[in-house]
Number of protein chains: 2
Amino acid sequence: MKTTDKRNSIMQSALEVIAERGFHDAPIAKIAERAGVAAGTIYRYFENKDMLIIILNRELEEKINERLRKNYPVEQPLRERFTYMIRELLRYFVANPLHFRYMEQYYNSPYGISRRKERLSDESGKRDIARDLFKEGIEQQVLKDLPSLVLAAFTFGPLLSLLRDHIVGFIRLDESLIGRIAEACWDSIKK
Amino acid sequence: MKTTDKRNSIMQSALEVIAERGFHDAPIAKIAERAGVAAGTIYRYFENKDMLIIILNRELEEKINERLRKNYPVEQPLRERFTYMIRELLRYFVANPLHFRYMEQYYNSPYGISRRKERLSDESGKRDIARDLFKEGIEQQVLKDLPSLVLAAFTFGPLLSLLRDHIVGFIRLDESLIGRIAEACWDSIKK
DNA sequence: GATAAATAAATGAACGTTCATTCCGCCGAG
DNA sequence: CTCGGCGGAATGAACGTTCATTTATTTATC
């Protein structure tokens, strides 16, 4: 097994154990066991448990960003780009429920609090699809005249609740429902 | 100090410590210290830490329900009752940020997962304001024809995000903004 | 055979909970 | 009125467990 495989195997195991059992009840020993590795080995690949957790989150965020940018309909009107983003996001997490549960935990933990602040004051050149959409929409007067943070809350807030409900089995996010949800999101922020 | 005072003092301390520092980093020792009692004393009032946490949550939920029912405009049209509920909820948590942070943590922890399921299959006579509103709205065809769980996600999902943003200081939920948010919520679920 | 990688036992810190001891307010006897 | 002692309440040191991390040792690779 190549060392990069072993590293991946550790990350995959951490993803599974933490997503399934929560940050509590995800001891290094358990992560090592599922990865088929001894506890000490993890420390050859990650500085410590915190770093493993943080890096894993970064990687998941990266995957999602890639997915959103792929086939992003740059040419379409705002409304289509917006609903496309929502539909893709929902599809991604429906296909990768563990990713959702991991990130949900991450952002509801001390790790996530700082990550959130970081993200808000992100003045790096890194484009953020959602941020651009809101800005454009406000300028064009097609969106409600609310702070973009508020628009973001109306866009993503419901999605979190819905994905949770889907993953525990209370609702089924099929293509039809996903479509209607995207429309409802748009309704809540359009002027 | 009467024993009921001591009990309250322990609960208040738990609320503060957990809301401010998270479930992690809220050891019994710290809760006891802030309550001005010894660690062992807590176990005279609560079976164990879990029970303290669960009972505290119940009490907070109770407070909120009271507040929502008080002055609830039963006679008004659906739309007014709906926006009233949202405004009151936001006002309550703006006035009691610790309550929000506590409950947020609670519902994002193993405690809350079961609580959520409990609530969903709650066939006790206990009326749930929101549930009734959605049911009525769907019957009257004034709300979108979506499962009430989805309507609930569109109603409460954004509020959670917004309250978080308010509490960390990213936005300021004043009366004007609260009003506009309630309207936007309505827009997202009305037909 | 030397170097790097992996192992699993050892370490020490943190935590919830217990329990032997202390504290304190009350009451009845003198 | 005073004093002794009784019982419930409170205490906090000690215990047992869990866990991340380190380390000494073994195993694999070139």
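None of the values given here were measured: they were computed from a predicted structure.
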*In residues 47-59 of chain A, which residues come under 4.0 Å of DNA chain D by heavy atom?*
A:Asn48, A:Lys49
*Sequence neighbours excluded, every pair satisfying ring pair (Phe, Tyr, Trp, His ring centres under 6.0 Å) that has a member inside residues 62-98 of chain B*: B:Phe82-B:Trp186, B:Tyr92-B:His99, B:Phe93-B:Phe100
_Short side-chain to backbone donor-acceptor contact, A:Lys144 and A:Ser188, under 3.5 Å_ = yes
*Would you say B:Thr83's side chain and B:Glu183's backbone share a donor-acceptor pair under 3.5 angstrom?*
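Looks like no, no N/O pair under 3.5 Å.
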*asked:* Just to verify, which of B:Ile55, B:Ile31, B:Leu60 counts as forming a side chain to side chain contact (heavy atoms under 4.5 Å, CB included) with B:Met11?
replied: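 With B:Met11 as partner, side chain to side chain contact (heavy atoms under 4.5 Å, CB included) holds for just one option, B:Ile55.
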*Closest-nucleotide 5' rank along DNA chain D - winner of B:Ala38 and A:Asp25*: B:Ala38
Round to a whole Å and report the spacing from [atom1] of [X] to [atom2] of [N].
X: B:Phe23; N: C:dA14; atom1: CZ; atom2: C1'; result: 18 Å
X: B:Ile18; N: C:dG16; atom1: CD1; atom2: C1'; result: 13 Å
X: A:Ile42; N: D:dT22; atom1: CD1; atom2: P; result: 13 Å
X: B:Ile10; N: D:dT11; atom1: CD1; atom2: C1'; result: 13 Å
X: A:Ile28; N: C:dA6; atom1: CD1; atom2: C1'; result: 15 Å
X: A:Arg44; N: C:dT7; atom1: CZ; atom2: C1'; result: 11 Å
X: B:Arg7; N: D:dA10; atom1: CZ; atom2: P; result: 13 Å
X: A:His24; N: C:dG16; atom1: NE2; atom2: C1'; result: 17 Å

*Report the nucleotide, chosen from C:dA6, D:dT11, D:dT21, that has the shortest atom-to-atom distance to any side-chain atom of A:Tyr43.*
D:dT21
*Nucleotide nearest B:Pro27 (side chain, heavy atoms from C-beta), chosen from D:dT11, D:dC19, C:dG16*: C:dG16
*Output the distance between atom CG (A:Leu173) and atom CG (A:Leu163), rounded to the nearest 0.5 Å.*
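Those atoms lie 6.0 Å apart.
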*Salt bridge between A:Arg115 and A:Glu61, side-chain N to carboxylate O under 4.0 Å?*
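Counted as a salt bridge, because a side-chain N and a carboxylate O are separated by less than 4.0 Å.
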*Look at A:Arg91 together with A:Glu175 and state whether they make a salt bridge at an N to O cut-off of under 4.0 Å.*
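Looking at A:Arg91 and A:Glu175, the cut-off is met.
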*Would you tell me if any nitrogen or oxygen in the side chain of B:Lys30 comes within less than 4.0 Å of OP1 or OP2 on C:dC15?*
no
*Establish, with yes or no, whether the OP1 or OP2 oxygen of C:dA6 is under 4.0 angstrom from a side-chain nitrogen or oxygen of A:Tyr45.*
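It does, given that an N or O in the side chain of A:Tyr45 lies less than 4.0 Å from OP1 or OP2 of C:dA6.
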*Most 5' of B:Ala39 and A:Thr41 on DNA chain C, judged by nearest nucleotide*: A:Thr41
